[in-house]
Number of protein chains: 2
Amino acid sequence: MRYFILGFLNQRPMSGYDIKQFLEQFSWLIGSPSFGSLYPALHALLEEGLVSVDITARADKPLRKIYSITNAGRAALHEWLGQLTLSDAPLKSFVMCLILAENLSPAGLATYLHHRRDQVADHLTGLSQTVGTTDDALDLGQRLALDYGLAIATAELSWLDSTLAGLAG
Amino acid sequence: MRYFILGFLNQRPMSGYDIKQFLEQFSWLIGSPSFGSLYPALHALLEEGLVSVDITARADKPLRKIYSITNAGRAALHEWLGQLTLSDAPLKSFVMCLILAENLSPAGLATYLHHRRDQVADHLTGLSQTVGTTDDALDLGQRLALDYGLAIATAELSWLDSTLAGLAG
DNA sequence: ATGTGCATGTAACTGGTTACATGATTCG
DNA sequence: CGAATCATGTAACCAGTTACATGCACAT
């Protein structure tokens, strides 16, 4: 989360509210953190010198605290991104890192997406086997969930393939 | 989580290890709980009388604790399922409830899926608008995440439509 | 014999949510 | 004038992970 916030602020200076607003867009996919975790995280980053604040009291508007990343913050972010493994991470972790793509090198991004592609492909074959072998022993919920997983994995795989093709070309 | 486990045990008696195994299948989608949360949860359910244990010491095998749901557990589960709103829940919550579909009435399931359909459709139009209006102001990560969200939402929507059609027909 | 899979568990820690509290602005 | 949105924050609580600890079975 700390680094997730840091990655946002590396794109452009934002307030805590802005970050929440942006993430709200993806709430149906990955959820959105509460202010109760967002604000304390910003305070912690500030104390560690990884971000700085600019308190802007705009006329006729409530005060806003615009946070910017510092050099120390950038260093910490890139160190974190460097040692990022992401082995078998859930969809949520994948999307969170995807949003931070701007902070990765083109080669790093490609590697990351390839890695994910392989993982999803593995899970797809695993799911297909489960569906194929134990077809009638499954209850409704398991059948639906398996079927849903299959649909989503297929969609993600084709997205990864076309995105990788687009980035390469 | 408590109710998630309860829903599993309502389908068939299982050990903690079994539950983990099953959930592992969906780890790339929704993650899988650690034993450190699974076992204590089972102990708590046991103390509350919502589940019962059958300790089977099989010859030449390590001991297993097979948990079964009790009548009190079934009552608690159905009460919980009844007051389930799921307004604007993230994908993870949706899948978790989907797995418990067997415990819902056909009408309840249909309502639930319709509800999700509407939510996803809303988010889809929202995402499309964002992509359409602010196309060139976005950085790489945001563009990729938006694009990914669009792909997944589209896939989920069509899955929901065909599944709803299948359940109705 | 060594490692991997089965199978269970505990304790410390951490991260996040929930609920609360505040206050200005804008819209109907 | 009241409701919704903007905007920030705190504290108690809780759910979960991490790391540890144990032990048998089976294959190499």
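First the proteins, then the strands, lettered A, B, ... as listed; each starts at 1.
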Report task. Please indicate whether A:Glu79 has more than 12 foreign heavy atoms, meaning atoms of other residues, nucleotides or ligands, lying under 6.0 Å from its CD. Result -> no
Report task. May I ask you to say what A:Tyr67 touches in the nucleic acid, namely base, sugar-phosphate or nothing, with a heavy-atom cut-off under 4.0 Å? Result -> sugar-phosphate
Requested in this report: Ignoring hydrogens and angles, state whether a donor on the side chain of A:His123 or A:Gln119 is under 3.5 Å from an acceptor on the partner side chain.
Outcome: no
Report task. Would you kindly compare B:Gln21 and B:Lys65 by the position of their nearest DNA chain C nucleotide and give the one closer to the 5′ end? Result -> B:Gln21
Query raised in the report: Do any side-chain nitrogens or oxygens of B:Ser15 fall under 4.0 Å of OP1 or OP2 in C:dT8?
Result: yes
Report task. Please determine if a side-chain N or O atom of A:Tyr39 lies less than 4.0 Å away from the OP1 or OP2 oxygen of D:dG9. Result -> no
Query raised in the report: If you pin A:Asp18 and B:Ser34 to their nearest nucleotides in DNA chain D, which one's is more 5'?
Result: A:Asp18
Requested in this report: For B:Tyr3, report the nucleic acid contact type (base, sugar-phosphate, nothing); a contact means any heavy atom under 4.0 Å.
Outcome: nothing
Report task. Tell me yes or no: between the side chains of A:Asp161 and A:Ser158, is some donor less than 3.5 Å from an acceptor? Result -> no
Query raised in the report: Phosphate oxygens OP1/OP2 of D:dT10: is one of them under 4.0 Å from a side-chain N or O of A:His43?
Result: yes
Requested in this report: Give a yes-or-no answer on whether the side chains of A:Glu47 and A:His43 include a donor-acceptor pair shorter than 3.5 Å.
Outcome: no
Report task. Tell me which of A:Gly36 and A:Leu63 sits closer to the 5' end of DNA chain D, going by the nucleotide each one is nearest to. Result -> A:Leu63
Query raised in the report: Think A:Ser37 has a side-chain N or O under 4.0 angstrom from the OP1 or OP2 of C:dT17?
Result: yes
